[in-house]
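Note sheet for the following structure.
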Amino acid sequence: MDTEKVESLHFIEQIVEDDIANGKHEGRVLTRFPPEPNGYLHIGHAKSICLNFGLAQKYGGKTNLRFDDTNPTTEETEYVNAIKNDVRWLGFEWDGEELYTSNYFDQLYDYAVQLIKDGKAYVDDSTAEEIAALKGTPTEAGKDSPYRSRSIEENLDLFERMKAGEFPDGARVLRAKIDMTSPNMLMRDPLIYRIKHETHHRTGDKWCIYPMYDFAHGQSDSIEKITHSICTLEFENHRPLYDWCINSLGIFPSRQIEFARLNLNYTVMSKRRLLLLVKDGHVNGWDDPRMPTISGLRRRGYTPASIRNFAKRVGIARRENVIDISLLEFSIREDLNKTAARVMGVLNPVKLVITNYPEGQVEEMEMINNPEDDSMGSRKVPFSRELYIEREDFMEDAPKKFFRLSQGKNVRLKGAYIIHGTDCIKNDAGEITEIHCTYYPNSRSGSDESGVKAKGTLHWVSTAHNIKAEVRIYDRLFLDETPLGHKDKDFLEFINPDSLKTITAYVEPSLKTAKSGDRFQFMRKGYFCVDPDSTETDLVFNRTVTLKDSWAKKNKKK
RNA sequence: UGACCCAUGGUGUAAUCGGUAACACAGCGGUUUUUGGUACCGUCGUUCAAGGUUCGAGUCCUUGUGGGUCAACCA
């Protein structure tokens, strides 16, 4: 018998399976995806979404969507809606309504009171600077705050008055009383509540004190009875505090598990920097097709399946990683190769005249829509005496390895005839303005009796039957592989000035009915999708990704 | 001068718990092809170091080395 291929589990699946086997939480699996609504989701979040929702799917569990909205100064409803849209677009549905940490503000307040009553929290009147000064450093222990030993009654009174709005922003904070000498800085009496007289996107002006992340996140997990609370590595040092809160409160023990975040070369991933790119106009918004945001990738033409496959391929582990952007590109090519209809579009046109083809004659050439999928059928494309072909598909004095058109050489026009290059016309500047050729009338595609051989195949459109379209050619946003990896240089210095080039192309008439979001393979050129800017009269395409091009690669080396 | 974490080909992830290092991407070469695409085939190349335990170590132990995180009233 063949050895059965055992699917290997990543370390989080391992933990979940162990928990199920041990009957922990009655074998229940409940994960959560907890974005802060202060920016758009990016491909790194997609990894996390696929992980959390994927785990639940695999083990018969559910996933909550919870907005971590404890900081009213940066959070907005616009982001909430965009995030919900992105998660659904990726193909996932959360359990029930979306949740908000702000739903639990009352409960969280009660937890804080409980801590105070247990002598585990105190109100500190120190300024931010004073608190920082006593905090110590990673290698030096901190010192107790002079307010650390206030009575429970006084703390209770002060905390209630903080809530009542008696004090201005920053006047007082509530701190957990843990250990100012702990080697883990996060355990040195962390701040758990601060005063912010600010309107919250959901609770309005009900509160003027807001819990800090460390006092909100774990308890929210606990309130929702999350079994596996998955976050990225930089929260590793928070885990003792996460557990301390849950244990001190004696509430449901959710477990925090950390994994390494996704990094991609040739881009930046932090929300702060992405926001900067948007705010400073280096890109045209969060959904600019050059952005690594989910909305940007969507507009670029990426499919949800390609992103899910990508997320699967990058794996889950605990070591820092930098994924090559080519893996993302592979994932979208792989998907689109199977699903995108082939069409012809000439991006950089030059006129081709078939001198022995009857003037005024038009033939409808039948073309297969997708050689990878017969069910996609075929279409008719008009062919005539004058065509546009790609300028780079013709060369005078071509080297032997050049399989395209040249004087004295044969080449197949895709889905039509084999032609023979004869000569070309140039303008005063020496640029080719027109290419002349003859065709073999009996070489028509599908009924070729010519016996003529052609090494290459070109795409084309009829000059009299084509549609002009705006095509946005995107390239990577950064020229450097690690834009953040240079000590003395700002990442903005590495922005690629040619990351967007807009051109006018001639595309085949069948594209007339193309609608926003439709994806195509422009044969031999790449995958393109219709941009939302597109209208009935003015088509706009975004280039998603080129085809692999071994010819271009070969030339580049020389 | 602290705590915690990490270390497998160019990149990423495996090796089910000690049994002779695999998969994907990238690279290189080739076959097929009416897309220089796809598909297929081949090829390159890996256990941070030094000790130790063991018949046997990527896996266990020790010590190094290298990298990451932590001193926001952000999450």
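Quick note: numbers below take in every heavy atom, side chains included, and nothing from hydrogens, waters or symmetry partners. These numbers were taken from a predicted model, which means no experiment stands behind them. In what follows, chains are A, B, ... by sequence order, proteins preceding strands, each numbered from 1.
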Next item on the list: Just do the side chain to side chain donor-acceptor pair (under 3.5 Å) check on A/Glu78 and A/Tyr40 with the steps written out, would you?
Entry: CA-CA 9 Å; A/Glu78 175 205 345; A/Tyr40 280 63; 2.8 Å; yes
Need one value for [X]: base, sugar-phosphate or nothing, where a base atom within 4.0 Å counts as base even if backbone is also close, heavy atoms only.
| X | answer |
| --- | --- |
| A/Phe330 | sugar-phosphate |
| A/Ser126 | base |
| A/Gly446 | base |
| A/Gln521 | base |
| A/His238 | base |
| A/Tyr210 | nothing |
| A/Thr127 | base |
| A/Pro371 | base |
| A/Arg333 | nothing |
| A/Thr137 | base |
| A/Val314 | sugar-phosphate |
| A/Glu372 | base |
| A/Gly415 | base |
| A/Arg318 | sugar-phosphate |

[N] and [M]: how far apart are their [atom1] atoms, nearest whole angstrom?
| N | M | atom1 | result |
| --- | --- | --- | --- |
| B/C48 | B/U65 | C1' | 7 Å |
| B/A7 | B/U54 | P | 26 Å |
| B/U20 | B/G58 | C1' | 12 Å |
| B/C40 | B/U62 | P | 47 Å |
| B/G51 | B/G45 | C1' | 28 Å |
| B/U16 | B/A21 | C1' | 16 Å |
| B/U38 | B/U33 | C1' | 9 Å |
| B/C41 | B/U59 | P | 33 Å |

Just N and O in the side chain of [X]: are any of them under 4.0 Å from OP1 or OP2 of [N]?
| X | N | value |
| --- | --- | --- |
| A/Ser8 | B/C23 | no |
| A/Arg524 | B/G36 | yes |
| A/Thr70 | B/A75 | yes |

Check: Do A/Arg32 and A/His217 get their side chains close enough for a donor-acceptor pair, meaning under 3.5 Å?
Finding: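 Yes, A/His217 and A/Arg32 have a side-chain donor paired with an acceptor closer than 3.5 Å.
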Pairing partner (Watson-Crick or G-U wobble, both distances under 3.5 angstrom) of [N]:
| N | value |
| --- | --- |
| B/C4 | B/G68 |
| B/A24 | B/U11 |
| B/U32 | none |
| B/C17 | none |

Note to self: Assuming nearest nucleotide by heavy-atom distance, tell me which of A/Arg313 and A/Lys525 is located more 5' along RNA chain B.
What the structure shows: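 So the residue in question is A/Arg313.
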Next item on the list: Please figure out whether A/Asp124 or A/Ser445 has its closest RNA chain B nucleotide nearer the 5' end.
Entry: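 First, find each residue's nearest nucleotide; the 5'-ward one identifies A/Ser445.
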Next item on the list: Could you please spell out the steps behind the side chain to side chain donor-acceptor pair (under 3.5 Å) verdict for A/Asp324 and A/Ser326?
Entry: CA-CA 5 Å; A/Asp324 198 307; A/Ser326 67; 3.1 Å; yes
Between [options], which nucleotide has the shortest distance from any of its atoms to the side chain of [X]?
| X | options | answer |
| --- | --- | --- |
| A/Glu36 | B/C4, B/A75, B/A14 | B/A75 |
| A/Lys553 | B/C28, B/A3, B/G36 | B/C28 |
| A/Ser326 | B/G12, B/A26, B/C73 | B/A26 |

Item checked: Rounded interatomic separation in angstrom, taking CG from A/Leu327 and C1' from B/G10 ->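 The distance from CG of A/Leu327 to C1' of B/G10 comes to 14 Å, rounded to the nearest Å.
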Item checked: Distance in angstrom units between A/Leu134 CG and B/C73 P, rounded ->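 Distance, rounded to whole Å: 13 Å.
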Checklist line | Atom CD of A/Glu160 with >12 non-hydrogen neighbours under 6.0 angstrom | finding: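 Count not over threshold, so no.
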Kindly say whether the aromatic ring centers of [X] and [Y] come within a distance under 6.0 Å.
| X | Y | result |
| --- | --- | --- |
| A/Phe105 | A/His200 | yes |
| A/Tyr193 | A/Tyr210 | no |
| A/Tyr266 | A/Phe478 | no |
| A/Tyr417 | A/Phe383 | yes |
| A/Phe235 | A/Tyr213 | yes |

Margin query: Applying ring pair (Phe, Tyr, Trp, His ring centres under 6.0 Å) to A/Phe520 and A/Tyr527, what does each step give before you reach the verdict?
Written below: CA-CA 6 Å; A/Phe520 300 93; A/Tyr527 294 99; over 10 Å; no
Next item on the list: Answer yes or no for this row: A/Tyr213 ring on B/A75 base, centroids under 5.5 Å, planes under 30°.
Entry: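 Given the distance and angle limits, no, they do not stack.
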Next item on the list: Can you sort out which residues in residues 183-199 of chain A have a heavy atom within less than 4.0 Å of RNA chain B? Ascending by number, please.
Entry: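 Of all residues in residues 183-199 of chain A, the ones placing a heavy atom under 4.0 Å from RNA chain B are A/Pro183, A/Met185, A/Leu191, A/Arg194, A/Lys196.
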